[in-house]
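Okay, so here's the structure we're looking at.
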Amino acid sequence: IFISKTILKERLDPETLESLGLIKQAHQFNQKIVKIKTKLFYKQQKFNLLREENEGYAKLITELGQDLSGNITSHLILESIKSLIGCFNLDPNRVLDIILEVYESRSDQDVFFLSLIKSYMCEPLTLCHILGFKFKFYQEPNEETPKSLYHIAAALLHHNLIELEDLYVHLMPLDAAIIEEHKRDISEAKQIARKLVMVVLPSEKSEDKEKEKEKEEEKNEKPPDNQKLGLLEALLRIGDWRHAQSIMDQMPSFYATSHKAIALALCRLVHLTVEPLYRRAGVPKGARGCVMHPLRNKGAPPPAESFEELRRDTFSMLCYLGPHLSHDPILFAKIVRLGKAFMKEYQIDSRPDVKDKLETLLSCFLSIADQVLLPSLSLMDCNACMSEELWGLFKLFPYQHRYRLYGQWKNETYSSHPLLVKVKAQTVERAKYIMKRLTKENVKQSGRQIGKLSHSNPTILFDYMLSQIQWYDNLIVPVVDSLKYLTSLNYDVLAYCIIEALANPEKEKMKHDDTTISSWLQSLASLCGSVFRKYPIELAGLLQYVTNQLKAGKSFDLLILKEVVQKMAGIEITDEMTSEQLEAMTGGEQLKAEGGYFGQIRNTKKSSQRLKDALLDHELALPLCLLMAQQRNGVVFLEGGEKHLKLVGHLYDQCHDTLVQFGGFLASNLSTEDYIKRVPSIDILCNQFHTPHDAAFFLSRPMYAHQILSKYDELKKAEKGNRQQQKVHKYVAACEQVMTPVHEAVVSLHPARVWDDLRPQFYATFWSLTMYDLAVPHSAYEREVNKLKAQIKAIEENPEMPLNKKKKEKERCTALQEKLQEEEKKQLEHVQRVLHRLKLEKDNWLLAKSTKNETITKFLQLCLFPRCIFSSIDAVYCARFVELVHQQKTPNFCTLLCYDRVFSAIIYTVASCTENESHRYGRFLCCMLETVTRWHSDRAVYEKECVNYPGFLTIFRATGFDGGNKADQLDYENFRHVVHKWHYMLTKASVHCLETGDYTHIRNILIVLTKILPCYPKVLNLGQALECRVHKICLEEKDKRPDLYALAMGYSGRLKSQKVHMVPENEFHHKEQPARSATPASQQNGPGSTGKPSTSTSKTEEGTSEDGDRGKEKSQGTTKPVNKANSAAAKVTTSNGNGALNSTKAVKERDDKEKIVKEKKEKKDKTPGSTPETKAENRREKQRDERAGKEDRVAREGKEKTPKADREKVKAEEKNNKDDKTKAGNGEPMDPSRERDTIKESKNKEKGDRIAVAGSLKSPVPRSESAESERDHKRRKLDSHSSPSHSSSVKFLLCLPERCLPVHIPAALKIFKESCPTCRHGIWKSQPNPRDLETIPWTSA
């Protein structure tokens, strides 16, 4: 390895070097070293010490400190400095230091000194070292670096005389210390926030105070200045943004601007940058403002002349400023106004070449709003003006952008800076303080405090308030009242906070029992309705949220829409309406508002207009309707899943009710043009949008009314004629023009075979009319007018009311009174026109070629049942429409058959209803029963309204244009029999539902029974049967299902109060004595009506005196006759709730019946029933019959029927019915063994019948040991509709073609399809017992 001589001379001692020959003599070398060291360390020049050459430095200071205002330039001074250095032998570095010292004291002479320094020395490192020594002198504790030093350093940096990297290393503190300080500030802020939120014990509070005192004592010793921040401030003041930005990049976000001086310096720089653009585009009219003079520094950021130039420097400056723009509210307002000016330009300018630039600028302004404006507002102290100013910009953004900004503000901004963390904690603490003391009494004071707090931090405040409301719903009213001091921006933020709370994924929208909606959701929905009604808050976001939830198949949030529409538009949806309210709802809009709702919701004009505008502006009206209509089925089939049946029903009701409410709002608030433009035709609604038919017609109905009215007005103007007859003809012509396309459109809604029984015109007429078209509620109008008159009188008699208020109130009441009277007159004219139109149309409604049975089936299935459960008004409308069709003497419409189907088939309908549908169905049945009861109660009324009407013809094939002859009509007494049969069928169905034990069955039938209580039960024994079953429900459900118990108790109490109005059966209808002759097996009821059996409607009481002939008939081996009543009585027979009316003309058919009786006796003689074995068996049966008589007497003493007797009754009835059918339907003899079984079962049935009358009515579904036999019993019992006072009734299975199968036929029944032997149609039929197949008669399809 080679080592140089120089290194060896440095490292080795002189003696070694001498021995190596590198030096000559070690002694000489040592002497030379001493001389050099002495020269270096001890010999000094005179100019190194200031005191030794003070004259030269004095002259230098004099030269630099002279007046520079004349023609003195840096070049002349530099020459003098050079002379002084040469003359006095001055140190150049010391001279430079003195130049810097003088510059520091004369910092206003930047141009001169910078030029001098640049000319004197251009070595950056030397300059940096001298400046570094100056900065180092002030890095001791309690030392403060002068601003002049920062200034000259900034000036030298700005003119590139030194480099930032060279100077930065001389500044204190280190970057690592700055980052550590920032982290410490954040942790301290979070700790403070935690303390404010936590509950602190008194002992812990004292310890915390001691610790804080210690910290304050430690802080008394002032740390050295942060020289980096001082230099940064100086750079900002001279406008050197490039170097200032470099320094801020070395520090944590917003650390530098958290110091007020730096924030203000940066704000001043931004002021200067935006000034020209602000003067051109941002200054509002009438504003003055002070003019900002630009910096003389040519290197400063150039002022922006256009919005595009803001991207150059201004936006980045604002982003570095962040939340600390709060230090300068004036600059805050300027930026906001520039944003408003840009948004106006953005909305106007649609040129494609500038669109991209404008989009980029829009995103920049949104970023500024997110990172600067909103955080700065949080740090401003209660500045409502800035909040309103900011809303002026934000309202120009779409709500999607605004809500995104609010979300960032609420969830992210407050964690970005220690100061914001503290502010959030302080806001929550203050909100708690206010909410604890908020009551109805101090709303005004608390409201002002809430307003002050909300101006700066609305998201934090509202988040806490909403959390409290979700827990305590009694806070809703005082909170809503206290929000009147909020700014417009705060209201918008409140809307966002509500939506965010509703969409919270961590909260369950169902209660733990999974049967009801959570209370927090109900509270928020109620708050939504109240807040959005009272205050001018934009609704678009909330409506879009509900729409999106429906798109996702979630219907919980429809509760919000329901509350909003109810509160804002005053449209209330409830099934608990009183009869007066329901009557008022059939009138005009004014009558609805005055008498149709529970609460008088006034002053809804403005709020309903706002709701309408929000729906139209964002095109949400039709989508919401369609989504709700589709979601009804989605609730059951898609959303239902594992949910409790009670919850599914509740959600279905909520969806349906909201649809009805929302559709009613659109119909009453949208103009004709708006409505027609948005609602498509009925065929498009149903076929393309897959809207259910009832909902589609509900939406289209107002459109038809609007179109007819406008067309009618056109025709009136075209041909001026005031005669009433001319007006009616014009109205009919208008209806034809509008409804003809509808008639054509509805054909596509159903298969072609449907229109074989119903005409499209009849179908469309039924669905397009409302109660407003059919009747005028005169009593409701009169009632409301009388109320207003009473109000006027009370106002006049009130001495405490001021005169001006009296006058206003009287004027209001008088105006309302006049409006109601005018509305009544208008509706009366309208109803007259509609009735005339119906009178002209009715002959073409129903086809003569179809059977009345098929027509009624289609009418019930496609019209009556779907609409009667749609709303309470529709329930009344359906009952009224049936009565109207009857009164109009519509050909081919059998009123009796229609009523019979309605009353005889309620089990399945009730079982398939939701809770609210049960209310409506009960109301429908009540209205139908009211009509029937009116006819039943008075012969004169019956003869006036029913006799000679085609609806009461008993011949099925008669067209009924003339009402038929009197012999074909059902007389009054037989009608009373039919009504009793309907009451019995209602009782039978009710008892069945009550005894199933199923929650839905019991709840629904109790609701229905409560609704029909004014008209049913009217017969004492039926009422007692019901009372017994309901009492049993009360006992069973008391501890199990409290809601059922409450329903049952409520109905039981009301039923007991109705007992005084009930009558014995013989007063309800005339009961005839039993007849001994058998009823003919079948009767001809008109052309093509083959095989229509009839059953008796008059009854006798079993268990009294038994007929003597009965024993003779038994001894002869014959079974009991099918019917005991007079064969002339008309009867409506039913099967599974479907009936057929049979003609019973005694005088006309007496001869035919006698012949039939003779034939039957001959057949009986031929049967082997008179054998000795049979006679012995009959004697045993007679003994058992006597024992049954004793049981009957025991039962009359008030004891209930035993299950064993009940089972015997059911078995006997089944067997007897089979036997009856064998005789009546087939007329063929039976084998001896079957005949003996029949005789036994006949006796058992008689015993059961006697016990049934003495006790209460037993459920048609007995409890059997085998599940299969129980289903058979249930099916056979439902097929047989016998009255308690009848001995028996012939059982029929209705032969339905496949096209007539009801959509709601239950899956529980075993149904199979086969060909009808009469008409060869594919038919549906319930599965019978195999041994009964040969006894089942067929009816005509």
Side-chain angles (χ1 to χ4, degrees), residues 574-579 646 649 903 906-907 909-911 913-930 933 980 982-1065 1068 1195 1197-1201 1203 1206 1252-1263 1284:
T574 177
D575 288 298
E576 300 297 334
M577 286 185 179
T578 63
S579 56
K646 183 178 178 182
F903 296 133
I906 75 163
I907 292 179
T909 313
V910 168
C913 283
T914 64
E915 184 174 359
N916 288 1
E917 285 177 344
S918 302
H919 284 282
R920 299 174 204 129
Y921 185 59
R923 197 176 292 278
F924 165 70
L925 289 178
C926 183
C927 293
M928 295 286 277
L929 282 168
E930 282 175 1
T933 305
H980 179 268
W982 291 338
H983 277 245
Y984 169 73
M985 294 313 303
L986 288 173
T987 309
K988 187 175 181 181
S990 302
V991 170
H992 167 74
C993 291
L994 290 172
E995 292 205 341
T996 57
D998 182 78
Y999 173 85
T1000 308
H1001 288 62
I1002 298 172
R1003 180 198 66 193
N1004 290 359
I1005 197 63
L1006 286 173
I1007 292 171
V1008 170
L1009 287 172
T1010 304
K1011 286 291 181 185
I1012 64 176
L1013 197 56
C1015 302
Y1016 168 87
K1018 292 290 186 184
V1019 185
L1020 193 57
N1021 63 334
L1022 302 183
Q1024 289 170 345
L1026 273 180
E1027 187 178 4
C1028 176
R1029 295 313 185 280
V1030 172
H1031 179 67
K1032 186 180 176 185
I1033 293 290
C1034 293
L1035 296 177
E1036 291 175 351
E1037 304 295 344
K1038 185 171 184 179
D1039 298 321
K1040 286 196 266 180
R1041 294 178 280 196
D1043 47 350
L1044 290 185
Y1045 173 71
L1047 277 174
M1049 285 298 291
Y1051 177 70
S1052 178
R1054 296 180 63 181
L1055 182 64
K1056 286 175 182 175
S1057 65
Q1058 288 288 323
K1059 283 182 79 172
V1060 294
H1061 304 294
M1062 297 182 195
V1063 295
E1065 184 183 337
F1068 191 80
E1197 295 173 2
K1199 294 185 180 178
E1200 282 190 310
K1201 189 169 46 172
D1206 192 30
V1253 174
S1256 58
L1257 187 67
K1258 185 66 179 173
S1259 166
V1261 184
R1263 310 211 186 280

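Since we're looking at a predicted model, the values are computed, not measured.
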Taking atom [atom1] of [X] and atom [atom2] of [Y], what is their separation to the nearest 0.5 Å?
X: L1044; Y: Y999; atom1: CG; atom2: OH; value: 5.5 Å
X: I1033; Y: I1002; atom1: CD1; atom2: CD1; value: 4.0 Å
X: K1011; Y: L929; atom1: NZ; atom2: CG; value: 14.0 Å
X: H1031; Y: Q1024; atom1: NE2; atom2: CD; value: 14.0 Å
X: C927; Y: I1012; atom1: SG; atom2: CD1; value: 11.5 Å
X: W982; Y: L925; atom1: CH2; atom2: CG; value: 12.5 Å

For [X] against [Y], the heavy-atom pair lying closest together:
X: R1003; Y: E915; answer: NH2-N, 3.4 Å
X: C926; Y: C1015; answer: O-SG, 3.9 Å
X: E917; Y: C913; answer: OE1-CA, 3.5 Å
X: V910; Y: C993; answer: CG1-SG, 4.5 Å

Hey, are T933 and Y1016 close enough side-chain-wise for a donor-acceptor pair under 3.5 Å? no
Test item: V1019 and H980 side chains (from C-beta on) under 4.5 Å apart, heavy atoms: yes
Validation row: L986, L1009 side chains within 4.5 angstrom (heavy atoms): no
What pairs with S918 under side chain to side chain donor-acceptor pair (under 3.5 Å), at least two apart in sequence or on another chain? N1004
Non-neighbouring partners of D998 that pass side chain to side chain donor-acceptor pair (under 3.5 Å), sequence neighbours left out: H1001
Sequence-distant partners of Y921, ring pair (Phe, Tyr, Trp, His ring centres under 6.0 Å), two or more places apart: none
Steps toward side-chain contact (heavy atoms from CB on, under 4.5 Å) verdict (I1005, I907): CA-CA 9 Å; I1005 197 63; I907 292 179; over 6 Å; no
I need the single residue from T1000, T914, D1043 that forms a side-chain hydrogen bond (donor to acceptor under 3.5 Å, both in side chains) with K646. Which is it? D1043
Would you give me the side-chain donor-acceptor pairs under 3.5 Å for residues 1045-1064, sequence neighbours excluded?
| from | atom 1 | to | atom 2 | distance (Å) |
| --- | --- | --- | --- | --- |
| S1057 | OG | R1054 | O | 2.6 |
| K1059 | NZ | E1027 | OE1 | 3.2 |

